[in-house]
Number of protein chains: 2
Amino acid sequence: MAIRNNTATTIVGRTNRLSPRTSMKIGEVSQESGVGVEALRFYERSGLLGRPARSQSGYRLYDEAVLERLAFIRKAQFLGFSLDEIRHIISDAEKGASPCDNVRGIVRRRLAEVSERIKELQRHHRELTRTLEEWDEVGRAPGNICGLIETTEMQNPSPAAGRVVQKKLRKNGL
Amino acid sequence: MAIRNNTATTIVGRTNRLSPRTSMKIGEVSQESGVGVEALRFYERSGLLGRPARSQSGYRLYDEAVLERLAFIRKAQFLGFSLDEIRHIISDAEKGASPCDNVRGIVRRRLAEVSERIKELQRHHRELTRTLEEWDEVGRAPGNICGLIETTEMQNPSPAAGRVVQKKLRKNGL
DNA sequence: CTTGACTCTATACGCGACTTCAGGGTTTAT
DNA sequence: ATAAACCCTGAAGTCGCGTATAGAGTCAAG
């Protein structure tokens, strides 16, 4: 289980910032970054990391830059960017274009989405609360399957509201 | 594209409540309920609808009850139930047990989840807003890929925070 | 020299609620 | 009579972000 640090057996066992390892194997990178080994390979396949050097036996050899790249990815994810968006940002940057304006726009849009989503959830919260209160009053409502649900009024009775709800939320990850 | 109402060519063209169609084909049910044809078959496979009668040629023939069932499903979805939960509720009801207590519990739990989710999103909203403000002050920050993101501080700098965030949100569909 | 921890590739699986496809048969309108 | 529009089944694909598995090679320590 425990991952051994086998190149940097110098003085400090773990995260040793004093000796910048010029070539880390994937497990070390995983250890340092907190990103799983499989995820690292997945990122590489997805074009987020570029192809690292290889040892004679084919092992990936990373230099420290990858840690910054991973930190970048994590921060961007934290801000709500999808891996796809992140990939675009990186490739813009590598083409020399500053992606920052673009990024700013995305963040602004996401901010609007989050606001919207919060409002929806608050509405939903009120709806659920109201429903529970109604149920408490009614006790046991009549109905074929579950009177509680059947007597529930939807605020948005457009066809297939449920489908839409479930779907777009999952899609935006909000 | 336009779906024609072919059994109820009586007086009213569309939703004709005066002549209860005892047998609707799947397209009509779709039309009336707003649930897609494929979704209807999917619900049937998933055990949410039971097996409808069939015409000689194998077409599904629904009676009006299916519309109530679908309304039930939509409302339950609207309240945040998964199709799996809905299936359980229905099967409880068909066994004669009143699922309402169960349902009440689920709603209460979901209410708690929604509250939690709202809090998370509000935090996220503050985070995004703060970030945008910082960016506006800084103008153009230095950095390799996108200074804006690189200079962003994460409030929760635990490893792989992003992964966790993205994942559980998608999971709860909240 | 063996063991066990590590690495490699390629492929499949997981979630949830559907949608799409392939390859038919049926009904209805003109 | 024919074409459009509907219906059938069963399987596979979609979305995002990885995780898990299988089968094999590599490396360091005891």
Side-chain angles (χ1 to χ4, degrees), chain A residues 1-7 9 23-31 34-49 51-52 54-62 73-74 76-77 80-87 160-174, chain B residues 1-7 9 23-31 35-48 51-52 54-62 73-74 76-77 80-87 160-174:
Chain A
M1 277 305 176
I3 296 171
R4 219 64 78 71
N5 222 354
N6 42 2
T7 59
T9 17
S23 71
M24 291 180 287
K25 285 189 290 185
I26 198 168
E28 296 175 81
V29 174
S30 172
Q31 187 77 355
V35 177
V37 169
E38 298 303 330
L40 287 170
R41 294 198 266 251
F42 169 73
Y43 286 168
E44 185 180 331
R45 276 202 305 283
S46 311
L48 288 159
L49 288 186
R51 276 147 291 289
R54 297 288 185 137
S55 73
Q56 289 179 332
S57 54
Y59 286 16
R60 287 168 180 83
L61 298 175
Y62 298 92
I73 292 170
R74 256 195 298 134
Q77 272 190 316
F81 293 93
S82 68
L83 292 184
D84 216 48
E85 286 168 327
I86 297 170
R87 193 164 48 67
R163 278 193 330 206
V164 174
V165 168
Q166 303 252 345
K167 189 157 171 182
K168 93 178 199 198
L169 306 188
R170 222 161 283 278
K171 190 165 180 177
N172 290 339
L174 299 171
Chain B
M1 277 302 175
I3 295 172
R4 219 64 79 71
N5 221 352
N6 42 4
T7 59
T9 17
S23 70
M24 293 179 285
K25 285 190 290 184
I26 198 167
E28 296 174 81
V29 174
S30 172
Q31 185 76 355
V35 176
V37 168
E38 298 304 329
L40 287 170
R41 293 198 268 251
F42 169 74
Y43 286 170
E44 185 180 331
R45 274 202 305 286
S46 311
L48 288 158
R51 279 146 294 287
R54 298 289 184 136
S55 74
Q56 288 181 333
S57 54
Y59 286 17
R60 288 170 180 80
L61 297 176
Y62 298 91
I73 292 170
R74 259 199 292 134
Q77 271 190 319
F81 293 92
S82 68
L83 292 185
D84 217 47
E85 288 169 326
I86 297 171
R87 195 163 47 67
R163 278 191 329 202
V164 175
V165 170
Q166 303 252 346
K167 189 157 171 181
K168 92 177 195 195
L169 306 189
R170 220 163 283 280
K171 187 166 180 178
N172 289 339
L174 300 169

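Per chain, numbering begins at 1; letters A, B, ... match sequence-line order. These numbers come from a predicted model, not from an experiment. What you see below is based on every heavy atom in this structure, not just the backbone, and it leaves out hydrogens, waters and symmetry mates.
- One can place CD of B:Q77 at 10 Å from C1' of C:dC18, the figure rounded to the nearest angstrom.
- Mapping A:Y59 and A:R45 onto DNA chain D by nearest heavy atom places A:R45 closer to the 5' end of the strand.
- To the nearest whole angstrom, the two C1' atoms, one in D:dA12 and one in C:dA12, are 14 Å apart.
- With C:dT27, D:dT9, D:dG18 as the choices, the nucleotide that has an atom nearest any side-chain atom of B:R54 turns out to be D:dT9.
- A distance of 11.5 Å separates CZ of A:R87 from CD1 of A:I73, quoted to the nearest 0.5 Å.
- The separation between A:L49 atom CG and D:dC17 atom P is 15 Å, rounded to whole Å.
- For the pair A:R60 CZ and D:dC27 P, the computed distance is 15 Å after rounding to whole Å.
- The minimum heavy-atom distance between B:G27 and B:V37, with the atom names listed, is CA-CG2, 4.2 Å.
- Closest to the side chain of B:F42, from the set C:dC8, D:dT19, C:dA17, is C:dA17.
- Within the 4.5 Å cutoff, the side chain of B:Y43 has heavy atoms near those of the B:L83 side chain.
- Atom C1' of nucleotide D:dG18 and atom CD of A:E44 are separated by 15 Å, given to the nearest angstrom.
- Look at the P atom in both C:dT11 and D:dG13: the space between them is 14 Å, to the nearest Å.
- Going from the P atom of D:dC15 to that of C:dT9 covers 26 Å, rounded to whole Å.
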Next on the checklist: Run A:R60 and A:K25 through side chain to side chain contact (heavy atoms under 4.5 Å, CB included) and show every step you take.
Outcome noted: CA-CA 6 Å; A:R60 287 168 180 83; A:K25 285 189 290 185; over 6 Å; no

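- Per the geometry, CD1 belonging to A:I26 stands 11 Å off C1' belonging to C:dC6, to the nearest Å.
- Here the closest non-hydrogen pair linking A:M24 and A:V29 is CB-CG2, 3.8 Å.
- Look at CG on A:L40: it is 15 Å from P on D:dA20, rounded to the nearest Å.
- For B:E38, the side-chain atoms get nearest to C:dT19 when compared with the rest of C:dT28, C:dT19, C:dT9.
- For A:R41, taking side-chain heavy atoms from C-beta onward, the closest of the listed nucleotides C:dT26, D:dA20, C:dC8 is C:dC8.
- A residue-by-residue look at B:S55 and B:D84 shows that B:D84 has its nearest nucleotide of DNA chain C further toward the 5' end.
- Taking every side-chain heavy atom of B:A39 into account, C:dC18 is the closest of C:dC18, D:dC7, D:dC17.
- Relative to the side chain of A:K25, the nucleotides D:dC17, C:dC18, C:dT7 differ in distance, and C:dT7 lies closest.
- Two residues, B:Q56 and A:L61, neighbour DNA chain C, and the one matched to the more 5' nucleotide by heavy-atom proximity is A:L61.
- Per the geometry, CZ belonging to A:F81 stands 17 Å off C1' belonging to D:dG16, to the nearest Å.
- One atom, CZ of B:R51, and another, C1' of D:dT9, lie 16 Å apart when rounded to the nearest Å.
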